[in-house]
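Notes to accompany the following structure.
Bear in mind the structure is a predicted one, so any value in this text is a computation, not a measurement.
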Amino acid sequence: MYSFGNTPSVAVCESGEGDRHDAREWTFVIVGLSKREVESQCSQIEEKIERTVDARVKNVEREFI
C-alpha cells in the first residue's frame, strides 16, 4: 500500500484483476476521526480520479468500520 498524494491518512493499492490490462481495481483505506471526515475524503478522491485518470470508473463501494 502507498499513501495517496500528500495525505498520510489515505493508503491505496491495486487489487483484483491485476493480470488484465483493461480492468484494474484500486482499494483505498482512509482513516479519520469522524465518518463525515472520511466521507469528505472519499468524495475528494473520487473527484480527483475522474479528473486525472484516463479511465472510466465503473463502480464505487464504501464500507465503514
*Nearest heavy-atom neighbours spanning V38 and G32*: CG2-N, 3.7 Å
*asked:* Do I45 and V10 have side chains that approach each other closer than 4.5 Å (heavy atoms only, starting at C-beta)?
replied: yes
*In the single-linkage hydrophobic clustering (I, L, V, M, F, W, Y; side-chain heavy atoms under 4.5 Å), do L33 and I30 co-cluster?*
no
*Report the distance from atom SG of C42 to atom NZ of K35, rounding to the nearest 0.5 Å.*
10.5 Å
*Please answer whether the main-chain N or O of R36 pairs with a side-chain N or O of S40 as donor and acceptor at a distance below 3.5 Å.*
no
*Partner set under salt bridge (charged side-chain N to carboxylate O under 4.0 Å, His left out) for R62, not counting sequence neighbours*: E46
*asked:* Suppose we screen for salt bridge (charged side-chain N to carboxylate O under 4.0 Å, His left out). Which residues come up paired with E39, at least two apart in sequence or across chains?
replied: none
_Listed partners of E50 passing side chain to side chain contact (heavy atoms under 4.5 Å, CB included), at least two apart_ = V57
*Does W26 belong to the same Ile/Leu/Val/Met/Phe/Trp/Tyr cluster as V31, with side-chain heavy atoms less than 4.5 Å apart forming each link?*
no
*Evaluate side-chain contact (heavy atoms from CB on, under 4.5 Å) for I49 paired with F28, printing each intermediate quantity in order.*
CA-CA 12 Å; I49 289 171; F28 290 83; 3.6 Å; yes
